[in-house]
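Along the sequence shown, the residues carry numbers beginning at 1. All of these numbers come straight from a predicted model, not from anything done at the bench.
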Amino acid sequence: TVTFTDGTNFANEWLWDFGDGSTSNDQSPTHIYTDTGSFNVSLIAYHNGCPDTLQKDSFIRINPPIAKFFAQQSCASPSLVNFINQSEGGDVYNWDFGDGNSSNLENPSHNYSDTGRYTVSLNVVDTQSGCEYTSYRYVDIVALGGNITADTLSGCAPLTVSFNSGSQDAISW
């Protein structure tokens, strides 16, 4: 929402062009931009039918921040997740790790105490414009531990042994 102020002298008619296809005949209108981008705003002020035009190039820029991130997990400690922030245009970062914990660091790490699927959110705020954007991602914490067993523990060469990992959540061995 932008409020424009007429600074002309002696005008008694106005034609504002907000650069997004909308116009107004108000002296000092308020306009709501509903899309992002740069907008050229012009004002034609009339005094008794005689026009005077003022145009400001790229006067209005609407560029909300973009929240982007990915999660990096370690095989050695699958419950420790490093979050890599790839956001654009923000200067405040609000993380929700989906387990009741949060952070405002740009690139936090978080240790999950339980297995499960967690919905992680990153809210990015541009304090200059007040615009914000939130992105969501799933993080799966699995227990990879298991009890390795063998069907045969000793014998003569050549010995054929079948192994069982006992792991519940592994997808490759």
* **Whether Phe18 and Trp16 hold their rings parallel, tilted or perpendicular, with breakpoints at 30° and 60°** => parallel
Any idea which heavy atoms bring [X] and [Y] closest together, and the distance?
{"X": "Thr115", "Y": "Val142", "result": "CG2-C, 3.9 Å"}
{"X": "Tyr46", "Y": "Leu15", "result": "CE1-CB, 4.5 Å"}
{"X": "Pro65", "Y": "Gly90", "result": "CB-N, 3.9 Å"}
{"X": "Asp126", "Y": "Gly89", "result": "CB-O, 3.4 Å"}
{"X": "Ala67", "Y": "Ser87", "result": "CA-OG, 3.4 Å"}
{"X": "Gln27", "Y": "Asp6", "result": "O-CB, 3.1 Å"}

To the nearest 0.5 Å, what is the distance between [atom1] on [X] and [atom2] on [Y]?
{"X": "Ile141", "Y": "Ser113", "atom1": "CD1", "atom2": "OG", "value": "10.0 Å"}
{"X": "Gln72", "Y": "Ile84", "atom1": "CD", "atom2": "CD1", "value": "5.0 Å"}
{"X": "Asn94", "Y": "Ser102", "atom1": "CG", "atom2": "OG", "value": "8.0 Å"}
{"X": "Asp17", "Y": "Thr23", "atom1": "CG", "atom2": "OG1", "value": "7.0 Å"}
{"X": "Asn123", "Y": "Tyr133", "atom1": "CG", "atom2": "OH", "value": "11.0 Å"}
{"X": "Ser121", "Y": "Tyr136", "atom1": "OG", "atom2": "OH", "value": "5.5 Å"}

* **Which residues share a side chain to side chain contact (heavy atoms under 4.5 Å, CB included) with Pro108, sequence neighbours left out** => Phe83, Trp95, Phe97, Ser103, Leu105
Do [X] and [Y] come close enough that some side-chain heavy atom pair is under 4.5 Å?
{"X": "Tyr93", "Y": "Asn104", "result": "no"}
{"X": "Thr1", "Y": "Thr30", "result": "yes"}
{"X": "Val120", "Y": "Phe69", "result": "yes"}

* Asked: Under the side-chain contact (heavy atoms from CB on, under 4.5 Å) criterion, do Ser24 and His31 qualify, and how do the steps go?
  -> CA-CA 9 Å; Ser24 174; His31 181 67; over 6 Å; no
* Asked: What salt bridge (charged side-chain N to carboxylate O under 4.0 Å, His left out) pairs are there with at least one residue in residues 20-49, not counting sequence neighbours?
  -> none
* With sequence neighbours left out, which residue pairs that include part of residues 78-106 fulfil the salt bridge (charged side-chain N to carboxylate O under 4.0 Å, His left out) condition? -> Lys68-Glu88
* To do: Say whether, by atom type as modelled, one donor and one acceptor occur between the side chain of Asp151 and the main chain of Ser162 under 3.5 angstrom.
  => yes
* Asked: Quick check: does any side chain N or O of Asn12 sit under 3.5 Å from a backbone N or O of Asn48, one acting as donor and the other as acceptor?
  -> yes
* Asked: Should the heavy atoms of other residues, nucleotides or ligands under 6.0 Å from CG of Leu159 be counted, would the total exceed 12?
  -> yes
* Asked: Take atom CZ in Phe10; do more than 12 heavy atoms of anything else shown fall under 6.0 Å from it?
  -> no
* Tell me yes or no: between the side chains of Thr5 and Ser28, is some donor less than 3.5 Å from an acceptor? => no
* Could you verify whether a donor N or O on one side chain and an acceptor N or O on the other, from Asn82 and Asn107, lie under 3.5 Å apart? => no
* Can Asp52 and Thr8 be said to form a side-chain contact (heavy atoms from CB on, under 4.5 Å), step by step? -> CA-CA 9 Å; Asp52 185 17; Thr8 61; 5.7 Å; no
* For Leu80 and Asn111, what are the C-alpha separation, side-chain angles and deciding distance, and is it a side-chain contact (heavy atoms from CB on, under 4.5 Å)? -> CA-CA 4 Å; Leu80 178 64; Asn111 196 14; 4.2 Å; yes
